[in-house]
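In what follows, every chain begins at residue 1, and chains take the letters A, B, ... in the order their sequences are listed.
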2 protein chains.
Amino acid sequence: MGHSRAEKAKTHKRIVSIASKKFREEGLAGVKIAELMKEAGLTVGGFYKHFDSRDVLVAEAVGSAFGGWKRRVDAAVSGGLGISLSKMIDDYLNTAHRDDPGAGCAFSALAPEIARGDKRIRALTTEQVRNDIQLIAGLLPDNDPRTARSLAILTFSALVGAMSLARAVSDQALSREILKTVAERLKNFVSETPGS
Amino acid sequence: MGHSRAEKAKTHKRIVSIASKKFREEGLAGVKIAELMKEAGLTVGGFYKHFDSRDVLVAEAVGSAFGGWKRRVDAAVSGGLGISLSKMIDDYLNTAHRDDPGAGCAFSALAPEIARGDKRIRALTTEQVRNDIQLIAGLLPDNDPRTARSLAILTFSALVGAMSLARAVSDQALSREILKTVAERLKNFVSETPGS
DNA sequence: ATTATCTATAGATCTATAGATAATGC
DNA sequence: ATTATCTATAGATCTATAGATAATGC
């Protein structure tokens with residue numbers, strides 16, 4: 001017991017990171033504080049020196065999940081020679097992402113619970129949706145900005161919906177069909193749509 | 001106390017109906033049995049003569065939510081002169097549906113919780129997804145069956161994703177933009193896509 | 001002296017059950 | 001006699017807090 005402030009900051013980040021993963025895996029309501037702290041190598045008692053309440057952690061962890069996804073895409077965009085929309089779609093709609101929600105998109109894992117969430121979470125979410133729409137629009141072939149935005153919104157919706165459905169069904173063939181079909185259709189669609 | 005068997009059957013249906021609504025509104029984890037029974041005009045004690053466990057009710061209520069949606073679409077299809085895809089899209093992607101999840105589509109309200117659910121719920125869900133894909137494919141202009149199925153899967157995914165996102169964001173203008181844009185794009189898309 | 005974490009627990013809540021009550025249905 | 005519902009509660013669980021402990025940091 002009794003650690004430095006630097007260590008406390010590290011601990012804080014570790015708790016948030018684990019929570020972010022667990023919330024996406026088990027839902028915002030499904031994660032217990034004691035369990036979470038244990039996974040972080042700590043005990044329940046310490047929790048409230050890090051967060052005023054459970055809800056504060058939820059907001060921080062959801063924000064962290066958004067941040068992780070953003071960093072990942074940003075890295076892909078600026079890292080190599082940029083990322084194509086096609087690559088982004090394949091990076092999203094695959095079975096690895098489907099089977100590891102804890103490391104994946106927070107929208108497909110948590111959207112309905114976020115919709116029931118408090119102001120803070122929904123504000124974070126609004127900002128993130130705006131960012132993602134612009135990000136996808138930027139990856140589209142050079143349509144006029146309005147068309148690009150509109151196609152980006154459709155693409156984003158289809159990605160989130162396809163992953164949600166692919167996870168909800170128990171038949172693996174149907175699940176894969178959903179991922180594959182939506183990926184193909186989105187790629188064709190976007191490249192073929194005329195500029196208005 | 002002490003009622004007829006016919007009344008018990010009615011009571012059972014009433015509990016399931018209220019549960020189905022509440023689960024879509026508050027999530028599968030958010031509904032308390034005592035609260036639910038009170039809304040049905042009953043008390044907690046009677047619950048377990050109707051359901052072996054809470055999970056049994058969840059499965060029945062999710063099935064009921066699917067059934068309700070199916071009846072609604074079936075009625076629309078056979079009722080008038082049939083329903084167009086365009087009508088169906090508008091019937092789904094509007095603010096009334098967004099603001100009343102309890103009476104709406106179970107996928108956009110519950111998909112991530114269903115994905116974490118038990119076998120029974122996921123089996124029900126698989127069947128329902130299959131039905132909905134076929135239903136949407138049947139509403140599409142006469143493409144070949146494969147194309148129709150593929151477009152139906154994209155359409156279904158986009159509907160569910162758009163509603164999920166529209167509910168998750170707090171900015172009303174953005175929320176409406178998502179609904180409106182996806183509705184328009186889907187309508188254009190489907191009518192313009194060549195038969196392969 | 002301050003504080004990061006721990007142990008222990010109060011208080012609230014939720015599922016499920018036991019036993020009582022008042023009807024139905026043979 | 002059977003049973004649909006009620007009242008009451010046991011048992012489990014979860015959030016949050018109180019007070020102790022062992023470090024840091026002035």
Side-chain angles (χ1 to χ4, degrees), chain A residues 1-62 110 113 116-121, chain B residues 1-62 110 113 116-121:
Chain A
M1 302 182 209
H3 297 67
S4 71
R5 290 175 191 175
E7 256 182 293
K8 191 190 180 186
K10 264 194 181 176
T11 301
H12 188 95
K13 278 188 187 172
R14 192 168 72 253
I15 298 171
V16 171
S17 166
I18 293 172
S20 168
K21 179 170 177 275
K22 283 177 78 73
F23 281 136
R24 279 173 283 177
E25 286 170 352
E26 301 165 23
L28 300 183
V31 176
K32 322 299 168 194
I33 292 174
E35 201 180 296
L36 165 73
M37 292 298 276
K38 195 177 180 182
E39 249 182 80
L42 302 164
T43 59
V44 219
F47 181 84
Y48 294 89
K49 291 288 159 73
H50 284 280
F51 310 94
D52 281 345
S53 73
R54 190 181 184 285
D55 278 345
V56 171
L57 168 70
V58 171
E60 236 183 280
V62 169
L110 298 173
E113 283 192 279
R116 291 188 294 269
D118 63 22
K119 268 191 186 175
R120 192 176 350 191
I121 296 183
Chain B
M1 305 183 206
H3 298 66
S4 72
R5 288 174 192 178
E7 256 183 293
K8 191 190 181 187
K10 263 194 182 176
T11 301
H12 187 95
K13 279 188 186 171
R14 191 168 73 250
I15 297 171
V16 172
S17 166
I18 293 172
S20 170
K21 177 169 178 274
K22 282 177 78 73
F23 282 135
R24 279 174 280 177
E25 286 170 353
E26 300 165 25
L28 299 183
V31 176
K32 322 301 167 194
I33 292 175
E35 201 181 296
L36 165 72
M37 291 298 275
K38 195 176 179 183
E39 247 181 79
L42 303 162
T43 59
V44 219
F47 181 84
Y48 293 90
K49 292 287 159 75
H50 284 279
F51 310 94
D52 281 345
S53 71
R54 189 182 186 285
D55 278 344
V56 172
L57 169 70
V58 171
E60 236 183 280
V62 169
L110 297 172
E113 284 191 278
R116 292 188 294 269
D118 62 22
K119 268 190 186 177
R120 192 178 346 196
I121 295 183

Asks: Does OP1 or OP2 of D:dA4 have a side-chain N or O of B:His12 closer than 4.0 Å?
Replies: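 No, no such contact exists.
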Asks: Please tell me which of the listed nucleotides, C:dA16, D:dA16, D:dC6, lies nearest to the side chain of A:Ser53?
Replies: D:dA16
Asks: Whole angstrom is fine here: how far is it from OH in A:Tyr48 over to C1' in C:dT9?
Replies: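 So the OH-C1' distance, A:Tyr48 to C:dT9, works out to 14 Å.
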Asks: Rounded to whole angstroms, how far apart are CG on A:Asp52 and C1' on D:dA16?
Replies: 12 Å
Asks: Check this for me: does any side-chain nitrogen of one of B:Glu7 and B:Lys13 sit under 4.0 Å from a carboxylate oxygen of the other?
Replies: no
Asks: Measure from the side-chain heavy atoms of B:Lys32 and tell me the nearest of C:dC14, C:dT5, D:dA16.
Replies: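 Taking heavy atoms from C-beta onward, the closest nucleotide is C:dC14.
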Asks: Looking at B:Ile15, B:Val44, B:Leu57, which hits side-chain contact (heavy atoms from CB on, under 4.5 Å) with B:Ile33?
Replies: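 Answer to the side-chain contact (heavy atoms from CB on, under 4.5 Å) test with B:Ile33 among B:Ile15, B:Val44, B:Leu57: B:Val44.
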Asks: Name the residue closer to the 5' end of DNA chain D, choosing between B:Gly41 and A:Val44 according to the nucleotide with the nearest heavy atom.
Replies: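 Counting from the 5' end, the first nearest nucleotide belongs to B:Gly41.
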Asks: Over how many whole Å does the gap from B:Leu28 atom CG to C:dT15 atom P extend?
Replies: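 In whole Å, C:dT15 P lies 13 Å from B:Leu28 CG.
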Asks: Starting from P on D:dT7, measure out to CE on B:Met37 and report it in whole angstrom.
Replies: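 Atom-to-atom, B:Met37 to D:dT7, this comes out as 12 Å.
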Asks: Starting at the 5' end of DNA chain C and moving along, which residue's nearest nucleotide shows up first, A:Lys8 or B:Phe47?
Replies: A:Lys8
Asks: Distance from B:Arg14 atom CZ to B:Met37 atom CE, nearest 0.5 Å?
Replies: 9.0 Å
Asks: Rounded to the nearest 0.5 Å, what separates atom NZ in A:Lys10 from atom OG in A:Ser4?
Replies: 9.0 Å
Asks: Starting the side chain at C-beta, find the nucleotide from D:dT3, D:dG25, C:dT15 nearest to B:Arg5.
Replies: D:dT3
Asks: Taking 4.0 angstrom as the limit, do A:Arg116 and B:Glu113 come out as a salt bridge?
Replies: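 Counted as a salt bridge, because a side-chain N and a carboxylate O are separated by less than 4.0 Å.
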Asks: Between B:Glu7 (CD) and C:dA22 (C1'), how many Å, whole number?
Replies: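 Computing the B:Glu7:CD to C:dA22:C1' distance gives 13 Å.
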Asks: Just to be sure I follow the notation: if a pair is Watson-Crick (purine N1 to pyrimidine N3 plus N6-O4 or O6-N4) or a G-U wobble (N1-O2 and O6-N3), each under 3.5 Å, what dot-bracket string does DNA chain D give, with | for pairs to another strand?
Replies: ||||||||||||||||||||||||..
Asks: By nearest atom, which of the nucleotides C:dT5, D:dT5, C:dA16 is closest to the B:Lys49 side chain?
Replies: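 The answer is D:dT5.
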Asks: Can you tell me how far C1' of D:dA16 sits from CG of A:Leu57, to the nearest Å?
Replies: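 Distance check: A:Leu57 CG to D:dA16 C1' gives 14 Å.
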Asks: Is it true that B:Lys22 and B:Glu39 have a side-chain N and a carboxylate O under 4.0 angstrom from each other?
Replies: yes
Asks: In whole Å, what is the span from the NE2 atom of A:His50 to the C1' atom of C:dT5?
Replies: 8 Å
Asks: In whole angstroms, how far is the P atom of C:dT13 from the CZ atom of A:Arg54?
Replies: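 So the CZ-P distance, A:Arg54 to C:dT13, works out to 15 Å.
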Asks: Which nucleotide wins on minimum distance to the side chain of A:Thr43, given the candidates C:dC6, C:dA16, D:dT5?
Replies: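 Out of C:dC6, C:dA16, D:dT5, the nucleotide with an atom closest to A:Thr43's side chain is C:dC6.
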Asks: Could you tell me whether the phosphate oxygens of C:dT5, OP1 or OP2, come under 4.0 Å of any side-chain nitrogen or oxygen in A:Thr11?
Replies: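 True: A:Thr11 side-chain N/O within range (under 4.0 Å) of C:dT5 OP1/OP2.
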Asks: For the NE2 atom of A:His50 and the NZ atom of A:Lys8, what is their distance to the nearest 0.5 Å?
Replies: 5.0 Å
